[in-house]
> 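What follows is a structure written as structure tokens; I'll ask about it next.
Since we're looking at a predicted model, the values are computed, not measured.
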Amino acid sequence: KLTTNVKGTISEYQEIVNLTRKGFWVAKSCDPQCPFDLVAVSPDGDIQLLDIKTNTYRKHILSYRRKIWRSPTAKQKKLGIKIKLVNHGNE
């Protein structure tokens, strides 16, 4: 079983691959306290700050899987940081 940290790292790198395939240039934050994980720049110069979150589901609901939604913090809202939900391959 993968730890939460490992799942988060997998999701970040998975999104780097996805964005790179779409033609974006991507830089990863190296500060653990940074409010965003990735900076993505499109070929036409559009800059996006992204906080990558791994999709998670409520475990106590047996009849169906209910996704846990994530909201940006006040700082992330102020800076225009987008939350990007990513599925990793080990759900």
> Report yes or no: is the cationic atom of Lys75 (NZ for Lys, CZ for Arg) closer than 6.0 Å to the six-membered ring centre of Phe36, at no more than 45° off its axis?
no

> Measure the OG1-CG distance between Thr9 and Asp37 for me, rounded to the nearest 0.5 Å.
9.5 Å

> Where do Gln76 and Thr73 come nearest, in terms of heavy atoms and distance?
OE1-N, 2.9 Å

> Atom OG in Ser11, atom NZ in Lys84: separation rounded to 0.5 Å?
11.0 Å

> Starting at OG1 of Thr20, measure out to OH of Tyr13 and round the result to the nearest 0.5 Å.
11.5 Å

> Taking side-chain contact (heavy atoms from CB on, under 4.5 Å) as the criterion, tell me which of Leu38, Ile83, Leu85 meets it with Asp51.
Ile83

> What's the verdict on side chain to side chain contact (heavy atoms under 4.5 Å, CB included) for Val39 and Leu49, showing C-alpha distance, side-chain angles and the deciding distance?
CA-CA 5 Å; Val39 177; Leu49 302 176; 3.7 Å; yes

> Can you tell me how far the CH2 atom of Trp25 sits from the CD1 atom of Ile47, to the nearest 0.5 Å?
11.0 Å

> Group every Ile, Leu, Val, Met, Phe, Trp and Tyr by side-chain heavy-atom contacts under 4.5 Å, then state whether Val86 and Phe24 land in the same group.
yes

> What pair of heavy atoms forms the shortest contact from Leu19 to Ala40, and how long is it?
CD1-CB, 4.0 Å

> With a 3.5 Å cut-off and no angle check, do the side chains of Ser42 and Asp44 form a donor-acceptor pair?
yes

> Heavy atoms only: give me the nearest Pro43-Gly23 pair and the separation to one decimal.
CG-O, 3.3 Å

> Kindly check if the number of other-residue, nucleotide or ligand heavy atoms within 6.0 Å of NZ (Lys82) is above 12?
no

> Give the minimum heavy-atom separation between Lys7 and Thr54, together with the two atoms involved.
O-OG1, 3.5 Å

